[in-house]
Amino acid sequence: MAGLFIDIKVAAEVAKNPETARKLEEVCPVGIFAARESGVEIVDDNLDECTLCDLCLEAAPSGSVEIIKLYEA
Amino acid sequence: MRFYEYEAKALFRKHRLPLGAGEVVNSADEARAAFGRLAGPAVLKSQVLSGGRMKAGAVKFADSADEAAAHFDAILPIVVKGESARSILIEEKSPVAQEYFVAITWDGRRKQPVLVFSDMGGIDIEEVAEKHPDHVSKTHFSSILPLTPRIAKEAIGATGVGGSALNKLTPIVFELMKIFLEYDLTLAEINPLARLENGQFIVLDGHIDMEAEARGEHKALLDELGIGDDETRQARPPTEFELAGARVNAVDHRGVAGNVVEFDGNLGLVIGAGGGSLTLFDAVRKHGGKPANYCEIGGNPSVGKAKELTKLILSKPGVEKIAVMMNVVSNTRVDIVARGVVKGCIEAGKDPAETIAIFRIPGAWEDEGFKILEKYGVEYCDRSVSMYDAAGRAVAKMA
Amino acid sequence: MSILISKDTRFIVQGITGREAVNLTRENLDYGAKIVGGVTPGRAGRDVYGVPVYDCVRDVVEAHGQIEGSVVSVPPRFTKDAVFEALENGIQLIVVVTENIPRREVAQMVELANLRGARIIGPNCLGMISPEEAKMGGVGGPAANTRQAYAKGHIGVMSRSGGMTTKIASTLTAAGLGQSTCVSIGGDAIIGTTYAELMPLFEADPETHAIAIYSEPGGRMEAELAEWIQANNSRLPVVAFMAGRFMDEMKGMRFGHAGTIVEGKEDTTTEKIKRMEAAGISVAERIEEIPALLRKRLEEV
Ligand code: SF4
């Protein structure tokens with residue numbers, strides 16, 4: 001489930017990569033990504049805490065992570 | 001956070017400072033029984049946090065068990081500076097030959113602990129300092145170099161105390177210095193520290209204040225003394241609302257949001273930070289507004305924290321609207337606070353547009369924040385509207 | 001010229017991977033700061049907006065040579081050690097952002113800093129800025145906002161409240177008065193550098209022509225400033241904005257900063273204002289009055 005303000009999408013093939021999952025979990029300062037064996041999981045409860053720092057965009061292959069500001073829709 | 005006398009003494013006892021026999025009693029019968037266990041005449045002292053017990057008549061001397069019981073009943077109902085007694089401490093009353101004063105506190109200017117010693121204890125230390133300056137010594141000491149007794153010795157000696165008194169006082173004062181640093185105290189005081197007629201030195205009364213920020217570090221000691229987390233021991237006891245605020249603040253360590261003080265008004269305030277809160281509170285009152293609370297947001301609280309604070313304030317009976325105002329923010333982010341208060345309104349089942357009288361937080365990430373407010377129809381303004389005028393707008397909506 | 005920092009100041013961020021530190025690293029870089037490295041134990045090899053992360057300060061110094069400053073943004077429990085680490089690696093200027101640090105630990109940091117001839121700003125502060133040169137810490141927020149609020153000029157600003165630092169600066173900027181250096185000194189009972197301790201630096205800075213401070217109830221810092229001004233016959237006119245007047249009605253309540261505790265008559269707002277005015281400090285009732293008061297005082301010089 002998306003947050004009230006923020007939703008985040010990770011491209012399916014990237015989400016399965018354990019290395020990227022680990023990196024995403026490490027860079028996000030508010031714990032939005034959790035690295036599982038199956039790949040990256042989004043922690044719904046933390047979505048609205050996103051600080052728009054873009055560190056996840058830098059950590060993953062270009063274009064594979066998308067931050068959606070729901071209040072702009 | 002202030003300790004009761006009996007708690008301060010429990011801490012002293014743990015550190016082997018010399019104390020007379022005594023116990024805490026909670027009924028006249030207990031007082032009677034306790035008297036029987038003491039060696040002679042006793043003193044009964046009301047356990048309150050504020051000073052002025054003696055003047056209020058909440059300290060009495062007893063020569064018999066019956067008298068102790070009667071004094072218990074007399075002292076217990078006495079209210080000292082608005083504070084009721086928590087219990088009564090009954091102690092052996094020993095004949096005193098001389099009284100000394102010793103206290104350690106922080107000197108914010110020197111940024112070091114300072115040891116204050118006087119050989120004229122028992123009375124108001126400020127008065128002694130004024131009338132007999134050579135009987136009061138002030139000695140600063142390092143908070144990083146190893147503590148050694150020589151500082152205590154010098155401080156005591158500086159008031160003219162010598163001989164065996166100097167040698168007996170030094171370890172007591174030294175131990176108090178150690179206690180002060182070990183437990184993050186802001187005040188460690190023994191007054192009076194007495195020399196009895198039999199030559200023994202004992203602690204007659206003591207004050208301990210612990211830094212609120214350090215409570216977590218010293219949980220083991222507080223548990224040992226039976227001091228619960230909900231005992232804030234501020235100037236007045238906290239209200240339910242204020243305790244709930246403290247719980248909101250404790251949810252995570254990101255920023256501050258929840259240090260609330262309750263007032264009677266109808267306008268909830270979500271304001272910050274530090275100095276901004278003071279200015280805004282002044283402004284609301286100058287415009288004739290009735291704040292429901294004082295609070296302070298700062299240090300960029302999480303969305304979750306701002307949300308919970310909003311919900312808490314909205315849950316207070318009589319609160320119709322909230323005003324969300326800060327001075328130009330730099331590290332706290334406008335968009336994060338906007339998310340928090342909007343979400344708080346929604347989760348409280350209220351329409352943000354109706355509920356938020358004004359949102360006036362200019363500064364970091366304001367464009368992003370204003371987009372959110374726009375979407376939810378909340379009235380907002382930027383730095384071109386002064387804090388003073390924004391407070392006026394919010395008050396006007398309450399009419 | 002300015003005091004404490006210039007565009008050439010090289011500094012590090014301790015705790016760089018934390019939420020607040022990430023934010024301020026980006027803001028400082030955007031404003032032109034020279035952040036040469038960051039420290040988060042266990043995260044060596046990463047980078048934050050291109051700033052390399054190391055496990056300890058020693059490793060940054062080894063890789064980049066001696067560094068002048070550090071911004072410390074780590075949780076309260078680890079702050080003292082982080083500051084000690086910076087000091088023992090030769091860092092001379094340390095901005096401590098973290099709040100809720102017990103007095104004992106602050107006193108210990110300050111004492112070690114004194115032994116090492118170093119300076120601590122804070123804790124519980126937003127750091128400092130020399131407008132259009134550099135900033136160190138969260139003061140002013142994102143670079144775009146900072147440029148809006150701060151302009152280069154001749155007023156030195158000191159404030160116990162971080163937010164008020166920017167509020168005063170933006171009021172000055174809007175009125176056409178730029179700033180030399182603005183310092184958020186922190187609001188706790190014990191801080192690394194007080195108003196009076198910054199005064200000699202401003203006094204020696206030819207670019208600084210006057211001072212604006214933010215003041216609130218509690219503490220003795222204003223009294224100390226007043227004494228300094230009188231004792232040193234300061235050339236600098238000072239204007240103070242005094243907040244929290246309603247606090248005279250409520251003794252012993254805990255507000256805002258830990259330092260804001262009214263302990264007795266000496267610290268009431270009324271007393272404080274009297275003391276400052278006696279030392280020649282002009283006291284503003286509202287922030288908006290500061291620029292006019294400063295102009296008036298500058299004309300008198
Ligand atoms: S933008 Fe920053 S806070 Fe948001 S999800 Fe990415 S890493 Fe986390």
Side-chain angles (χ1 to χ4, degrees), chain B residues 106-109 111-113 142-145 180-182 184-186 211-214 216-217 232 234-236 253-256 259 261 272-279 281-283 285 294 296 298-300 302 326-334 362-367 383 386-388, chain C residues 19-20 23-24 27 75-77 97 99-104 106-108 110-112 126 138-142 145-146 149 159-167 170 187 189-190 194 214 216-217 219-221 224 243-247 250-260 286-288:
Chain B
W106 287 104
D107 180 345
R109 256 178 104 153
K111 305 167 194 180
Q112 281 192 325
S142 166
S143 58
I144 53 175
L145 297 175
F180 177 81
L181 284 181
E182 180 174 345
D184 281 288
L185 303 184
T186 53
E211 181 124 50
E213 277 79 2
E217 281 289 299
T232 59
Q234 293 293 311
R236 61 173 169 78
H253 67 271
R254 293 177 286 196
V256 181
N259 185 359
V261 180
S277 288
L278 296 173
T279 313
F281 194 95
D282 283 354
R285 300 226 318 188
Y294 173 89
E296 48 163 31
N300 202 17
S302 59
M326 293 195 200
N327 52 34
V328 181
V329 291
S330 8
N331 73 330
T332 296
R333 281 173 47 169
V334 181
W365 295 73
E366 63 180 19
D367 294 343
R383 73 191 67 202
S386 72
M387 290 201 275
Y388 187 78
Chain C
R19 172 179 178 256
E20 288 322 295
N23 211 18
L24 78 82
E27 293 167 3
R77 281 184 49 223
V97 174
E99 42 192 307
N100 295 328
I101 309 174
R103 258 167 265 204
R104 173 177 57 134
V106 180
Q108 291 173 329
V110 173
E111 202 171 325
L112 186 62
L126 291 187
V139 63
N145 301 82
T146 309
S159 168
R160 284 161 75 178
S161 147
M164 277 294 173
T165 316
T166 300
K167 175 67 195 162
S170 68
I190 300 183
T194 61
Y214 164 75
E216 61 191 15
R220 287 170 182 78
M221 231 188 290
E224 192 192 350
R245 285 167 185 256
F246 80 98
M247 282 191 53
M250 304 172 212
K251 289 189 182 180
M253 291 203 76
R254 195 184 168 125
F255 279 105
H257 302 111
T260 312
R286 287 169 45 198
I287 301 169
E288 291 77 13

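Numbers restart at 1 for each chain; the letters A, B, ... are given by sequence-line order, proteins then strands.
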(request) Could you pull out all residues at least two apart from C:Thr165 that satisfy side chain to side chain donor-acceptor pair (under 3.5 Å)? (result) none

(message) Which residues pass the side chain to side chain donor-acceptor pair (under 3.5 Å) test with B:Ser386, not counting sequence neighbours?
(response) B:Asp389

Counting only heavy atoms closer than 4.5 Å, note whether [X] contacts chain B via side chain, backbone, both or neither.
{"X": "C:Leu24", "result": "neither"}
{"X": "C:Val139", "result": "backbone"}
{"X": "C:Glu20", "result": "side chain"}
{"X": "C:Leu112", "result": "both"}

(request) Mark yes or no: C:Arg286 above the aromatic ring of B:Tyr388, with NZ or CZ under 6.0 Å from the six-membered ring centre and no more than 45 degrees from the axis. (result) yes

(message) Any donor-acceptor pair under 3.5 Å linking the side-chain atoms of B:Ser142 with those of C:Glu111?
(response) yes

